[in-house]
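Convention: sequence-line order gives letters A, B, ...; per-chain numbering from 1. Values in this document were obtained by computation on a predicted structure and should not be read as measured data. Excluded from the calculations below are hydrogen atoms, water molecules and symmetry mates; all remaining heavy atoms, backbone and side chain alike, are included.
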Amino acid sequence: MTINTPSPVAPVVTRFAPSPTGFLHIGGARTALFNYLFAKHHGGTLHLRIEDTDRSRSTPEAIAAIIEGLAWLGLDHDGEVVYQFARAARHAEVAHALVASGHAYRCYASIEELDAMRAAQKAAHAPQRYDGRWRDRDPAEAPSSVKPVIRLKAPQTGATTIHDLVQGAVTVENAVLDDMVLLRSDGTPTYMLSVVVDDHDMGVTHIIRGDDHLNNAFRQLQLIRAMGWPEPAYAHIPLIHGADGAKLSKRHGALAVGEYAKMGYLPEAMENALLRLGWGHGDDEMITRNQAIAWFDTGHIGRAASRFDIKKLDNLNGHYIRSADDARLTALVLPFVEAKIGSPVSLSQHSLITKAMPELKSRAKTLLDLADGCLFLVRQRPLPIDASAEKLLDAAGLALLGDVAQTLSTEAVWDNPNLEASLKSMAERLGLGLGKIAQPLRAALTGTTTSPGIFDVLTLLGRDESLARISDTHKHTKLQ
RNA sequence: GGCCCCUUCGUCUAGCGGUUAGGACACCACCCUUUCACGGUGGAUACACGGAUUCGAAUUCCGUAGGGGUCACCA
């Protein structure tokens with residue numbers, strides 16, 4: 001019996017092989033990530049192959065979305081993208097070689113005939129599989145009206161075992177595997193043929209893919225053996241389930257990775273979240289790309305399906321936002337800010353946001369939150385005042401603000417320590433806590449009840465803007 | 001239904017025969033505090049069930065239950 005483990009000295013070659021029939025969702029992204037990390041960990045290469053042999057369902061938009069999604073995550077592949085459809089002639093060639101060597105045969109059963117066969121099997125509560133009716137039949141008996149398919153002449157006795165890097169040894173009786181179609185009657189290759197040929201021709205040593213392919217692997221292995229090709233190592237990773245506990249799909253509300261970008265998530269946060277889905281390294285939670293490359297192994301991939309938790313992504317994203325560079329964050333948040341205010345951000349506002357970033361970023365879980373936090377800096381006077389801020393601007397609040405304006409207007413040095421000293425002494429004089437003064441002031445300056453520290457807000461806005469916003473509030477409220 | 005796989009706090013996981021079953025998110029309380037965050041401290045919550053092996057089992061084996069995957073001339 002053959003063990004399908006490649007020689008340890010061979011350089012590692014992995015591949016990510018999505019079919020472009022839809023967007024790249026987190027399941028696919030995580031498969032790509034694992035392939036990437038495994039390859040990098042071993043100093044190997046990762047190839048991208050687009051499995052576009054289903055011409056009616058493959059779209060250029062999907063191809064673009066997959067490539068963009070991978071680029072956003074920074075999962076670079078080596079070499080050119082391989083398009084599977086372009087290799088159909090080579091796949092057919094292999095099928096014919098298999099017929100010539102006696103490992104495959106032509107089957108003249110019509111679609112209708114096969115449907116009838118399955119219906120009968122179903123009625124008899126028997127397993128539904130091709131019964132091998134043309135396996136040993138003389139081709140001379142072939143009906144001229146039917147164009148044949150080519151089927152693999154698979155072993156009918158014994159068992160096939162896969163030594164999966166994640167699932168362990170998995171064995172299936174050959175008797176339950178039927179003779180799969182390699183080449184359709186129109187001469188085009190099936191997926192089963194194409195993957196095997198492409199993986200071989202691309203020199204793939206490790207096939208890391210979703211668990212939903214585990215059953216396919218047995219037939220693929222039989223095909224590999226029929227060709228006498230080296231056997232790759234397999235790692236079938238558990239699927240990511242949707243909230244309903246079933247395989248992730250559009251139907252379950254799976255989102256394209258691009259959607260997460262639009263919701264204000266950072267790619268490194270997404271990567272970290274994906275990495276921790278099904279893989280762990282002790283108690284480590286925040287894992288950088290380099291650490292992931294150094295630590296990644298198939299031995300610690302779990303065997304059970306997992307669910308994606310957006311709350312955890314939020315938390316991770318908050319961490320990464322806090323540790324991100326201010327200039328980068330500003331550049332990232334700008335489009336979100338502009339979308340919210342409906343106009344472009346000026347150069348001076350841009351630098352104001354950068355300046356405020358250290359204070360803003362600790363308050364955001366997403367770039368969308370961050371953009372909300374920026375709003376008070378870029379809004380034009382008079383500021384819109386939200387409902388909870390409005391409540392602080394009652395008669396008492398406004399009276400207080402009059403005093404505050406008085407105090408602030410005499411302030412010679414407009415900086416954090418001076419403003420703090422001045423407002424604190426004012427509070428003391430009035431026998432109030434600082435909060436009593438700070439809250440109405442915050443409402444006046446930002447139109448909201450949450451913001452960075454009040455002295456930061458004052459210095460960020462500057463003396464003129466701050467005083468103007470305070471007096472705006474008086475007018476605004478009197479108008480009511 | 002056949003075949004295959006899975007099962008540790010609500011969620012993601014650590015654990016590889018001897019642990020008070022650890023961490024993270026979320027949740028609750030408290031602290032910090034001018035708001036909101038951040039940060040800190042503490043708390044509640046898990047080995048699906050039943051057998052077997054063993055001095056000893058979350059870890060091994062066998063069942064049961066539940067969940068998932070897959071059964072095309074789709075990929």
Side-chain angles (χ1 to χ4, degrees), chain A residues 17-21 51-54 56-58 84 107 109-111 114-115 118 121-122 125-130 147-151 164 167-168 170-173 175-178 180-186 188-192 194-195 210-216 218 236 238-239 241 245-247 273 276-286 299-300 302-316 318 322 359-365 369 373 388-389 392 420 423-424 427 433-439 441-443 446 448-455 457:
Chain A
S19 65
T21 54
E51 311 221 314
D52 55 350
T53 55
D54 185 338
S56 60
R57 293 201 302 147
S58 297
Q84 192 161 60
C107 166
S110 67
I111 305 265
L114 292 175
D115 285 344
R118 288 193 195 95
Q121 287 168 339
K122 190 170 184 180
H125 298 288
Q128 292 174 51
R129 62 177 85 107
Y130 176 69
K147 286 192 143 197
V149 298
I150 292 179
R151 288 182 184 271
D164 193 276
Q167 308 293 340
V170 184
T171 301
V172 162
E173 294 296 320
V176 308
L177 270 16
D178 61 6
M180 65 176 166
V181 174
L182 264 19
L183 212 59
R184 300 186 187 103
S185 51
D186 65 1
T188 60
T190 62
Y191 160 79
M192 287 294 209
S194 299
V195 242
D211 211 2
D212 49 344
H213 287 286
L214 181 60
N215 290 296
N216 291 334
F218 297 95
H236 288 96
L239 301 176
H241 284 174
K247 182 179 169 178
R276 290 287 291 104
L277 224 45
W279 181 84
H281 185 266
D283 287 342
D284 295 305
E285 296 290 345
M286 303 291 297
H300 286 84
R303 301 212 272 179
S306 52
R307 296 182 198 208
F308 183 69
D309 183 8
I310 194 85
K311 287 280 181 50
K312 193 133 182 174
L313 211 215
D314 281 339
N315 178 270
L316 246 15
R322 267 171 258 133
E359 286 302 318
L360 295 173
K361 67 185 181 183
S362 74
R363 296 173 165 77
K365 292 212 184 302
D369 295 343
S388 46
L392 291 166
E420 179 164 358
L423 284 187
K424 276 195 171 155
L434 186 54
K436 286 286 179 203
I437 295 174
Q439 274 309 82
L441 181 53
R442 189 185 318 279
T446 70
T448 69
T449 51
T450 71
S451 78
I454 198 67
F455 307 110
V457 172

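Within the shown strands, B/A65 is the pairing partner of B/U7 under the Watson-Crick or G-U definition, both distances less than 3.5 Å. The pairing partner recorded for B/G18 is B/C55, the criterion being a Watson-Crick or G-U wobble arrangement whose two distances lie under 3.5 angstrom. Using Watson-Crick or G-U wobble geometry with both donor-acceptor distances under 3.5 Å, B/C27 finds its partner in B/G43.
Regarding A/Arg307, its CZ atom lies at a distance of 23 Å from the P atom of B/A24, rounded to whole Å. Computed from coordinates, the A/Asp369 CG to B/C38 P distance equals 11 Å when rounded to whole Å. The separation between A/His125 atom NE2 and B/G1 atom P is 11 Å, rounded to whole Å. Counting to the nearest Å, the P atom of B/C71 and the CG atom of A/Leu214 are 12 Å from each other. Here B/G67 presents its P atom at 17 Å from CG of A/Leu239, a figure rounded to the nearest Å.
Remark: A/Lys311 is not in phosphate contact with B/C27, judged by side-chain N or O atoms under 4.0 Å from OP1 or OP2. Here A/His300 reaches the OP1 or OP2 of B/G15: one of its side-chain N or O atoms lies under 4.0 Å away.
Of the residues near RNA chain B, A/Lys365 and A/Ala109, the one whose nearest nucleotide (by heavy atom distance) lies more toward the 5' end is A/Lys365. Residues A/Arg303 and A/Thr190 both approach RNA chain B. Their nearest nucleotides, taken by heavy-atom distance, put A/Arg303 toward the 5′ side.
The residue A/Lys122 sits apart from the nucleic acid: no heavy atom pair falls under 4.0 Å. Counting any heavy atom pair closer than 4.0 Å across all strands shown, A/Ser306 reaches sugar-phosphate atoms only and no base atom. Using a 4.0 Å heavy-atom distance criterion, A/Thr171 is classed as a sugar-phosphate-only contact. Among the protein residues, A/His241 comes within range of the sugar-phosphate backbone only, with heavy atoms under 4.0 Å from sugar or phosphate atoms but none that close to a base. Residue contacts shown for A/Arg57 include a base, since a base heavy atom lies under 4.0 Å away.
The base of B/G69 lies outside donor-acceptor range of the side chain of A/Asp211, with no N or O pair under 3.5 Å. A donor-acceptor contact under 3.5 Å is formed by the side chain of A/Asn216 with the base of B/A75.
Here, B/C55 and B/G43 have their C1' atoms 36 Å apart, quoted to the whole Å.
No donor-acceptor contact under 3.5 angstrom links the side chains of A/Arg118 and A/Gln121, judged on distance only.
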